[in-house]
Undergrad: 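I'd like to ask you about the structure that follows.
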Amino acid sequence: MTEPTFTTLVSRWYTQHARDLPWRRPEVGAWAILVSEVMLQQTPVARVVPSWTDWMARWPTPADLAAEPPAEAIRMWGRLGYPRRAVRLREAAVAIVERHGGQVPNRLEQLLALPGVGTYTARAVAAFAYGQRHPVVDTNVRRVICRAVAGKPDAGPTTRPADLVAAEELLPAEPAAAALASAAFMELGAVVCTARSPRCGSCPVASICAWRASGEPAPTGPTRRPQRYAGTDRQVRGLLLEVLREATAPVPQQRLDQVWADDTQRFRALAGLVNDGLVEQVNEASFRLAGDGPPILVR
DNA sequence: CAGCCGTGGTG
DNA sequence: TCACCAAGGCT
């Protein structure tokens, strides 16, 4: 049983060139790994590092975070984007305390049941925190395998079961080596085999890359429609949340009205924030981050 | 499953 | 400059 040359080369490259990221240090536990993986969902590494450091200093265990209201998590999230992740991460911490005695679960099924934890994150925690042999497939891994192994210019927009199978077939049999290989695939895609201008000159598998061998064909299929931001509800949500994050007292609706002129869209965005558990209405005319103060009395 | 959900760096 | 993009998840 010989390991594929591709996997061996990428793994060897990783052991020599891996970036020194704080959540990769040997002493970090599963909670720290989970926090990093959630923060890294659609957010670049460079912006995550300082936020992760602050977050772990304040909430070293799931129980520490579970004891806080959502407002504290939302503020600590800062400007990482997609702040629903902060709410879900806190909900995951609550679930970890209630269902798993405060310890991040190690079974894939239990991880998948946590809020904000999907196929990628569950496998990443199982592999990187617990050393289990699971394929860990993100956009980087799909791109790397698609190019180097399949010879196609780019992977599809979503992770499919076939992508997990393709990744699994490249993993060494030994669990620890498999986890390292997954990290190596991700690192290669993030640093060398990037989406726009791959640095094939510094790629450890350039000599056996199927994509290079076929002349580096450009993507042909329909490119994914760009996600607009300006003028969308997401922008309005961001503006509303920015005001609420910085507030130290309930914010009068009149002040929220100033962030966006369109009444219909502003109301829809605010209602969405409330629906997502990010914001709560204090009374007829004021709002605040969820749990940002004494409980609201209801009769 | 296509669309939605933030933000800031960059080629 | 301004589209594109960055370790996804959820409905």
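Within every chain, numbering begins at 1; the chains are lettered A, B, ... in the order of the sequence lines, protein sequences first and strands thereafter. Values below: all heavy atoms of this structure, side chains included; hydrogens, waters and symmetry mates excluded.
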Undergrad: When we call it a touch if two heavy atoms are under 4.0 Å apart, what does A:Arg268 touch: a base, just sugar-phosphate, or nothing?
TA: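 Nothing, no heavy atom under 4.0 Å.
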
Undergrad: Using atom C1' of each nucleotide, how far apart are B:dG6 and C:dA6 to the nearest Å?
TA: 12 Å

Undergrad: Ignoring backbone atoms, establish whether A:Tyr229 has a side-chain N or O less than 4.0 Å from OP1 or OP2 of B:dT7.
TA: yes

Undergrad: Quantified in whole Å, what is the C1' atom distance between nucleotide C:dG9 and nucleotide B:dG9?
TA: 23 Å

Undergrad: Excluding sequence neighbours, so at least two apart, what forms side chain to side chain contact (heavy atoms under 4.5 Å, CB included) with A:Pro69?
TA: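 Per chain and number, A:Pro69 pairs via side chain to side chain contact (heavy atoms under 4.5 Å, CB included) with A:Glu72.
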
Undergrad: Whole-Å distance between B:dG3 P and A:Tyr82 OH?
TA: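 Atom-to-atom, A:Tyr82 to B:dG3, this comes out as 14 Å.
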
Undergrad: With DNA chain C as reference, determine whether A:Arg228 or A:Ala195 sits nearer its 5' end, using the nearest nucleotide of each.
TA: A:Arg228

Undergrad: Could you check which residues of residues 37-53 of chain A get a heavy atom under 4.0 Å from DNA chain B? Sort them by number, please.
TA: A:Gln42, A:Thr43, A:Arg47

Undergrad: Checking all strands, does A:Ser197 fall into the base, sugar-phosphate, or nothing category for heavy-atom contacts under 4.0 angstrom?
TA: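 Nothing: the residue A:Ser197, judged by heavy atoms under 4.0 Å, touches no strand.
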
Undergrad: Report the distance from atom CG of A:Leu278 to atom P of B:dC5, rounded to the nearest whole Å.
TA: 12 Å

Undergrad: From CG of A:Leu21 over to C1' of C:dA6, roughly how many Å is that when rounded to an integer?
TA: 14 Å

Undergrad: Looking only at the side chains, is there a donor atom on one of A:Ser51 and A:Asp54 sitting less than 3.5 Å from an acceptor on the other?
TA: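 On atom types as modelled, these side chains do not qualify, holding no pair under 3.5 Å.
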
Undergrad: Using a strict 4.0 Å threshold on nitrogen-to-oxygen distance, state whether A:Arg85 and A:Glu91 make a salt bridge.
TA: no

Undergrad: Which listed nucleotide (C:dA6, B:dG6, B:dC1) is nearest to the side chain of A:Arg85?
TA: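 Closest nucleotide among those given: B:dG6.
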
Undergrad: How many Å lie between CZ on A:Arg237 and C1' on B:dG3, as a whole number?
TA: 14 Å

Undergrad: Starting at atom CG of A:Asp138, determine the distance to atom C1' of C:dC5, rounded to an integer number of angstrom.
TA: 14 Å

Undergrad: Using only side-chain N and O atoms of A:Thr121, determine if any of them is under 4.0 Å from OP1 or OP2 of C:dG9.
TA: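 True: A:Thr121 side-chain N/O within range (under 4.0 Å) of C:dG9 OP1/OP2.
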
Undergrad: Without decimals, in angstroms, what is the distance between A:Trp23 CH2 and C:dA7 C1'?
TA: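 One finds 9 Å between C1' of C:dA7 and CH2 of A:Trp23, rounded.
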
Undergrad: Figure out the CG/C1' separation between A:Asn140 and C:dC5, and round it to whole Å.
TA: 11 Å

Undergrad: Could A:Asp154 and A:Arg142 be called an ion pair, given the rule that one side-chain N must be under 4.0 Å from one carboxylate O?
TA: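 Salt bridge absent between A:Asp154 and A:Arg142.
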
Undergrad: Is A:Arg90 paired with A:Glu68 through a side-chain N to carboxylate O contact shorter than 4.0 Å?
TA: no

Undergrad: Which part of the nucleic acid does A:Gly118 contact within heavy-atom distance under 4.0 Å: base, sugar-phosphate only, or nothing?
TA: sugar-phosphate

Undergrad: Applying a 4.0 Å non-hydrogen cut-off, can you work out what A:Arg24 is touching in the nucleic acid: base, sugar-phosphate, or nothing?
TA: base

Undergrad: With a 6.0 Å cut-off on the ring centroids, do A:Trp77 and A:Trp55 count as close?
TA: yes

Undergrad: Over how many whole Å does the gap from A:Leu111 atom CG to C:dG8 atom P extend?
TA: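 Nearest whole value for this atom pair: 17 Å.
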
Undergrad: Does a nitrogen or oxygen in the side chain of A:Arg234 sit under 4.0 Å from OP1 or OP2 of B:dT7?
TA: no

Undergrad: With heavy atoms under 4.0 Å as the rule, sort A:Arg196 into base, sugar-phosphate or nothing.
TA: base

Undergrad: For residues A:Leu278 and A:Leu289, determine if any side-chain heavy atom of one lies less than 4.5 Å from a side-chain heavy atom of the other.
TA: no

Undergrad: Looking for any heavy atom pair under 4.0 Å, which part of the strands does A:Val141 touch: base, sugar-phosphate only, or nothing?
TA: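 Touches nothing.
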
Undergrad: Is A:Asp233 touching bases, backbone alone, or none of the nucleic acid, heavy atoms closer than 4.0 Å?
TA: sugar-phosphate

Undergrad: On a whole-Å scale, what distance lies between the C1' atoms belonging to B:dG8 and C:dT1?
TA: 16 Å

Undergrad: Counting the atoms with a prime plus P, OP1 and OP2 as sugar-phosphate, which does A:Leu80 contact under 4.0 Å by heavy atoms, base, sugar-phosphate, or nothing?
TA: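 Result for A:Leu80 = base.
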
Undergrad: Contact class for A:Ser36 (heavy atom, under 4.0 Å): base, sugar-phosphate, or nothing?
TA: nothing

Undergrad: Between B:dC4 and C:dA7, how far is it from one P atom to the other, in whole Å?
TA: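 Their P atoms lie roughly 23 Å apart.
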
Undergrad: Between A:Trp260 and A:Gln265, is there a donor-acceptor pair closer than 3.5 Å when you use the side chain of the first and the backbone of the second?
TA: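 No; judged by distance alone, with no hydrogens or angles, the pair does not exist.
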
Undergrad: Closest nucleotide of DNA chain B for A:Thr232 versus for A:Arg79: which of these residues is on the 5' side?
TA: A:Thr232

Undergrad: Going by salt bridge (Lys or Arg N to Asp or Glu O under 4.0 Å), name the residues that satisfy it together with A:Arg255, two or more places apart in sequence or in a different chain.
TA: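 With neighbours one apart ignored, the set is empty.
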
Undergrad: How far does the C1' atom of B:dC5 sit from the matching atom of C:dC5, given to the nearest Å?
TA: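 To the nearest whole Å, 16 Å.
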
